[in-house]
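Index from 1, following the sequence.
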Amino acid sequence: MIKTQELEINLGPQHPSTHGVFRMITKLDGETVTSVESKVGYLHRGMEKLAESRTYTQYIPYTDRLDYLASINNNLGYVQTVEKLMGVEVPERAEYLRIIFGELQRLASHMVAIGTGSLDLGGFTPFLYTFRDREKILDLFEMTIGGRMTMNMPRIGGIIEPPEEFWPALNKFLGEMPGSIEEYHGIITGNEIFQARTVGVGIISPELAEQIAVTGPNLRGSGIKWDLRKNAPYGIYDRFDFEVPVGVNGDCFDRYIVRVREMEESIKIIHQAVRDIPEGPTFAKVPKLIKPSVGEVYHRVENPRGELSFYIVSDGSTKPYRLRIRGGTFVNIQVLPYVAPGWKLADVIAILASLDIILPECDR
């Protein structure tokens, strides 16, 4: 037999080769991956420590940068944590607006996930389709807050009221989305090349997902029906009728199809919120100088990439004494060393893409 030597190569940390500054030290036997070592920390900015020198309100824009594809969801998780600490009751209209914008952000995030995931496998056209529709959501954000990517829209005690032109634009977008999702199914779901690259590839068993504490679509893709919006509702999510999609095999294809089905459910939630939203104020009466009582609080929300949690310790001042963040990507990425070995190098690219990682949330 011909003796061969294992080859060690680096995937990343150049962006966009690994969806951000993420480094995989990969060992190969020919083209078969024998081991993967995940290396993070190239983007560390001390986001948690920065909170100690910012007031509670000043820290809101920093949460935008944790997961820049889900800024509003990050904002919402943080402000709800502070509201929980203060015992603030948010007005009804603000709660509905938070649902609308939060689900729009989830839609936009999943569009990037499936678009760039297809691009990683050589499918350029699906990338253009999903970004075409994402632009419509960003237009809705821009007409409300001025930003298209990082938006500190939710505030402690409420949320920004959108302008009048927002509502017809939103209804137009909602009417177009079912047709767009049908296009995704036609060009991605039913594509035999995409299926060959994803079906049966990178299986995350339910047992492995639970042991590592994987959350979000990656967990649900493994057949575990766990979504904080259903299992531990926050805000007013318990008022809405929607399903929690799950996969069967836990492979790359299941993780993709769960995201597409979640988009359909997000549209359903937004329709209900638009139908039921009441008139009224969008801000609670909160002090101009926010100084929560001495204590601690923990709060979690369902982000597009999984569970996002904030833990805040208050010493009674205008700034958090301590703040800690649990990001979904940091935990989800831990499955790679267990799932990647045994697959070809090209398959590992598909596996990484299917996890939908975002490095600012991972490194913080």
If you compare all heavy atoms of [X] against all heavy atoms of [Y], which two are closest, and at what distance to 0.1 Å?
{"X": "Glu52", "Y": "Lys319", "answer": "O-CD, 3.6 Å"}
{"X": "Pro360", "Y": "Tyr68", "answer": "CG-CE2, 3.3 Å"}
{"X": "Tyr234", "Y": "Arg300", "answer": "CD2-O, 3.9 Å"}

Subject >> Cluster overlap Val258 with Val331, hydrophobic side-chain contacts below 4.5 Å >> reply: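 No, separate clusters.
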Spell out, as yes or no, whether a donor-acceptor pair under 3.5 Å connects the side chain of [X] to the backbone of [Y].
{"X": "Arg65", "Y": "Pro61", "result": "yes"}
{"X": "Gln195", "Y": "Thr189", "result": "yes"}
{"X": "Glu361", "Y": "Thr329", "result": "yes"}
{"X": "Arg93", "Y": "Pro278", "result": "yes"}
{"X": "Asn74", "Y": "Asp67", "result": "yes"}
{"X": "Asn10", "Y": "Gly12", "result": "no"}
{"X": "Ser314", "Y": "Glu296", "result": "no"}
{"X": "Thr34", "Y": "Asp29", "result": "no"}

What I want to find out is whether [X] reaches [Y] closely enough, with some N-O distance under 4.0 Å, to be called a salt bridge.
{"X": "Glu135", "Y": "Arg148", "answer": "yes"}
{"X": "Lys136", "Y": "Asp133", "answer": "yes"}
{"X": "Arg229", "Y": "Glu302", "answer": "no"}
{"X": "Glu183", "Y": "Arg132", "answer": "yes"}
{"X": "Arg261", "Y": "Glu265", "answer": "no"}
{"X": "Asp254", "Y": "Arg220", "answer": "no"}

Original post:
If you measure from CG on Leu107 to CD on Glu264, what distance do you get to the nearest 0.5 Å?
Top reply: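 Here the interatomic distance stands at 10.5 Å.
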Original post:
What is the distance from atom CE of Met263 to atom CZ of Arg106, rounded to the nearest 0.5 Å?
Top reply: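 Rounded to the nearest 0.5 Å, the CE-CZ separation comes out at 12.0 Å.
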With side chains defined as the heavy atoms from C-beta onward, is the minimum distance between [X] and [Y] less than 4.5 Å?
{"X": "Ser354", "Y": "Tyr256", "result": "no"}
{"X": "Glu307", "Y": "Ser309", "result": "yes"}
{"X": "His271", "Y": "Glu103", "result": "no"}

Original post:
How about Phe330: does its CZ atom have over 12 heavy atoms from other parts shown lying under 6.0 Å from it?
Top reply: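 Open: at most 12 neighbouring heavy atoms sit under 6.0 Å from CZ of Phe330.
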**OP:** With Arg98 as reference, evaluate Glu92, Glu161, Glu83 under the salt bridge (charged side-chain N to carboxylate O under 4.0 Å, His left out) test and give the passing residue.
**Re:**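 The residue from Glu92, Glu161, Glu83 that satisfies salt bridge (charged side-chain N to carboxylate O under 4.0 Å, His left out) with Arg98 turns out to be Glu83.
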**OP:** Mind telling me whether Tyr59 and Tyr78 have parallel, tilted or perpendicular rings, with 30° and 60° as the class edges?
**Re:**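 Judged by the thresholds at 30° and 60°, the geometry between Tyr78 and Tyr59 is perpendicular.
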